[in-house]
Amino acid sequence: MNDAAPAPSPAPAPRRRARVRAPELTGKGGWLNTGGKDLTLGDLRGKIVILDFWTFCCVNCLHVLDELRELEERHRDTVVIVGVHSPKFVHEADHRAVVDAVERYEVHHPVLDDPELATWKQYAVRAWPTLVVIDPEGYVVAQHAGEGHAHAIAALVAELEAEHAAKGTLRRGDGPYVPPEPVATELRFPGKALRLPSGGFLVSDTTRHALVELADDAETVVRRIGTGERGLVDGPAERARFSEPQGLALLPGGEVVVADTVNHALRTYDPATGEVATIAGTGRQWWQGSPTAGPAREIDLSSPWDVAWFAGRLWIAMAGVHQLWTYDPENGTVAVAAGTTNEGLVDGPADQAWFAQPSGLAATDERLWVADSETSAVRWVERAGDAPDAFVVRTAVGTGLFDFGHRDGPAEQALLQHPLGVTALPDGSVAVCDTYNHALRRYDPATGEVSTLATDLREPSDAVLVDGDVVVVESARHRLTRLRLPEEAVRVAAVAHRTRRAATEIAGGTLRLDVVFQAPAGQKLDTRYGPSTRLLVSSTPPELLAEGAGAGTDLSRDLVLADGVTEGVLHVSAMAASCDDDPANEYPACHVHQQDWGVPVRITEGGAARLPLVLAGMDAATEGA
């Protein structure tokens, strides 16, 4: 027996990872949340930097903001998150709009306003949201597109902290975030409004995580519902908590249903008693593979944005998964009613239709109108035949994810820009809160014409019909505004836009599509029940692809481009599931990583023959020392 103490084991060598020198951060719009200081990567040396490429129209980007909050707080002395705002819509390139969005969504870290996508291009980003991790020495060490990566980034941050503390290259201390001065207003970025039977209004005071009851003048505050602190708490009005509530609808019994968006829940508010209760959702976000029907309190939801009573049930604009769901109050269940979770504009039977962030609902006896924000479209749902649960989806205005603008006239050529609200008018037409055009528009099904009712509104997000007038929620002016419905349309100069991203130049013939996914350290692909990856490819126009469209489980695929089509958009949806790699753990924790890309492409001589899209990790073709 040897009583001598064993020699200490050497510390494990840090895991070697690919590193690429990080390009400088530049943006014509300048910096927010820094107290007026322009930041450089040199200023951040010694910190672990996480670049969050986002745009405020994108619900997936908002999900990532929420995913990062805990990590941001836990590693405040070693990690600096930098939001790089990279616009899709023209309105999102307006600096004032970015300032509003940073406050609206409680972004508590520095933000670079990059309206010309300069930094986006330097980092070869192809999708919103994308996260890039830079180590304390200024090298890119990881890239992640889409949602569901918080656990992987947290593990990487812990590795980098240990590695660079040992090397002496980690600098602890406060980051560069400087909060802006608060502004006193009765409402702060209100989302939706509802006319109460009493004659007043109920408004979702979204940024303050509360509901506000206003008198019939739409200005005087009668009461507030909620403490104003983010949370999921039921009970009396003075104790209840919400998290960025949006849509409101009356149930036949008189209770108000609230789409409690960031809580991924439906709540009720009883105006008679002031009580708040949860009727649907678990507080967790729905992910691919989760149940899509069942007892409402046991099913996860995903960013419900609006609600409306139609065809005997409450319909839910489930913006986070590009679907419409329903809630049946009689048996307390929820179920998917329309949409596949694929993002785009496809009409037809409800279970085959594609939506893109539906954000506004309005019901008539015959139709459920939908503001489909990311396709800048107005759509509707109606019954298909006599079957009680058979519905079909149609499009009134809008052509797809990448065309938008302000153009009146025949609906087939009219343009909107990211509408968030629809309101049924007494004559059968529909008022549209054309949010990013700062306008109230009108679609008339009888004539097929689109017109403009009012301009100079500031991000209108909802409208309520009151005695022949329209009360508009001016979200970015923090107020409700009453308008007379005009007899004639307002004349507006027509403009048309496409997405601000430059097209990727690719060669004709065969294009190799590689979705790059590297399981985080300590994890492996979950193959216990078959393939754990999924790839879905389509194109606009469909004729762009001669071969390669459709679903499969391999994350790499050869796409054959058709002759005669010179440009279009490749739509790629990828998912991968990884689990903790510990044979001793019978029930390993698993995580889903998913992202949808819409890649504008142009076929040119000498273009690329390979299209890499990074879901998680680093593309081998770009790695360097």
Side-chain angles (χ1 to χ4, degrees), residues 25 27-56 58 61-87 92 94-115 119 129 131 134 150 153 157 171-191 204-210 212 224 226-231 241-245 261-263 458-459 475-479:
L25 306 177
K28 191 173 181 180
W31 289 86
L32 306 176
N33 285 353
T34 62
K37 179 181 178 180
D38 290 344
L39 297 180
T40 67
L41 284 177
D43 298 327
L44 303 175
R45 194 62 49 84
K47 298 286 190 180
I48 300 163
V49 178
I50 301 173
L51 303 182
D52 176 15
F53 289 87
W54 70 298
T55 189
F56 62 78
C58 162
C61 299
L62 304 185
H63 291 167
V64 168
L65 282 175
D66 292 320
E67 288 178 2
L68 292 175
R69 291 186 202 280
E70 183 179 349
L71 183 144
E72 186 172 26
E73 183 59 36
R74 193 185 323 132
H75 299 274
R76 189 166 292 280
D77 67 333
T78 58
V79 172
V80 174
I81 296 176
V82 173
V84 182
H85 188 268
S86 312
E92 293 173 309
D94 177 356
H95 182 71
R96 178 68 247 175
V98 180
V99 172
D100 286 345
V102 167
E103 180 189 351
R104 182 195 297 264
Y105 297 116
E106 296 185 310
V107 180
H108 293 165
H109 50 249
V111 173
L112 174 64
D113 181 11
D114 184 18
T119 296
L131 299 172
I134 301 172
I153 291 178
V157 164
R171 177 168 55 87
R172 295 183 179 272
D174 292 338
Y177 170 65
V178 178
E181 289 293 324
V183 181
T185 53
E186 296 288 7
L187 302 172
R188 204 69 193 162
F189 299 104
S204 53
D205 197 14
T206 303
T207 296
R208 292 200 177 126
H209 314 297
V212 177
R224 294 184 178 274
T227 65
E229 298 173 292
R230 190 188 294 271
R241 291 190 182 188
F242 300 89
S243 188
E244 299 183 32
T261 304
V262 177
N263 276 327
R458 187 71 185 171
E459 293 192 15
S475 187
R477 282 201 177 111
H478 319 293
R479 71 186 189 193

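Counting begins at 1 with the first residue of the sequence. A quick note: this is a predicted structure, and the numbers were derived from the prediction, not measured.
A side-chain N or O of His109 and one of Glu72 form a donor-acceptor pair less than 3.5 Å apart. Looking at Thr78 and Arg172, their side chains never bring a donor and an acceptor atom within 3.5 Å of each other.
Among all heavy-atom pairs drawn from Ile81 and Pro110, the shortest one is O-CD, 3.4 Å. The two residues Gly27 and Asp114 have their closest heavy-atom pair at CA-OD1, 3.8 Å. Between Asp100 and Ala476, the closest heavy-atom pair is OD2-CB, 3.7 Å. The two atoms that bring Thr207 and Glu103 nearest to each other are CG2-O, 3.7 Å, heavy atoms only. Closest approach of Phe189 to Thr206, counting heavy atoms only: O-CB, 3.3 Å. A pairwise comparison of heavy atoms in Pro245 and Ser204 identifies O-CB, 3.5 Å as the closest pair.
Using a 4.5 Å heavy-atom threshold, the side chains of Asp205 and Arg224 count as touching. Considering only heavy atoms from C-beta on, Leu51 comes within 4.5 Å of Leu25 through its side chain. Using a 4.5 Å heavy-atom threshold, the side chains of Val262 and His209 count as separate. Contact check for Leu65 versus Glu106: no side-chain heavy atoms found under the 4.5 Å cut-off. Between Pro115 and Val98, the closest side-chain pair of non-hydrogen atoms is not below 4.5 Å.
The closest donor-acceptor contact from the side chain of Ser243 to the backbone of Gly231 lies at 3.5 Å or more, if one exists at all. The main-chain N or O of Asp113 is never found under 3.5 Å from a side-chain atom of Lys28 such that the two would form a donor-acceptor pair. At least one donor-acceptor pair closer than 3.5 Å links the side chain of Asn33 to the backbone N or O of Val107. A distance-only check finds a donor-acceptor pair linking the side chain of Thr34 to the backbone of Lys37 [under 3.5 Å]. Using modelled atom types, one side-chain atom of His85 and one backbone atom of Phe56 make a donor-acceptor pair closer than 3.5 Å.
One distance of note links NE2 of His63 with CH2 of Trp54; it measures 14.0 Å at 0.5 Å rounding. Ile153 CD1 to Ile48 CD1: the interatomic distance, rounded to the nearest 0.5 Å, is 11.5 Å. Between atom CG of residue Asp66 and atom CG of residue Asn263 there is a gap of 9.5 Å, rounded to the nearest 0.5 Å. To the nearest 0.5 angstrom, Leu112 atom CG is 9.0 Å from Leu39 atom CG. The distance from atom CG of Leu131 to atom CD1 of Ile50, rounded to the nearest 0.5 Å, is 7.0 Å. In this structure, the separation between CD on Glu244 and CZ on Arg230 is 4.5 Å, given to the nearest 0.5 Å.
Scanning for side chain to side chain contact (heavy atoms under 4.5 Å, CB included) contacts around Arg45 gives Arg21, with sequence neighbours left out. Checked against side chain to side chain contact (heavy atoms under 4.5 Å, CB included), Arg477 has the following partners two or more places apart in sequence or in another chain: Asp456, Arg458, Glu474, Arg479.
For CD of Glu70, the number of neighbouring non-hydrogen atoms (other residues, nucleotides, ligands) closer than 6.0 Å is 12 at most.
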Salt bridge (charged side-chain N to carboxylate O under 4.0 Å, His left out) between Glu186 and Arg208, worked out: CA-CA 10 Å; Glu186 296 288 7; Arg208 292 200 177 126; over 6 Å; no

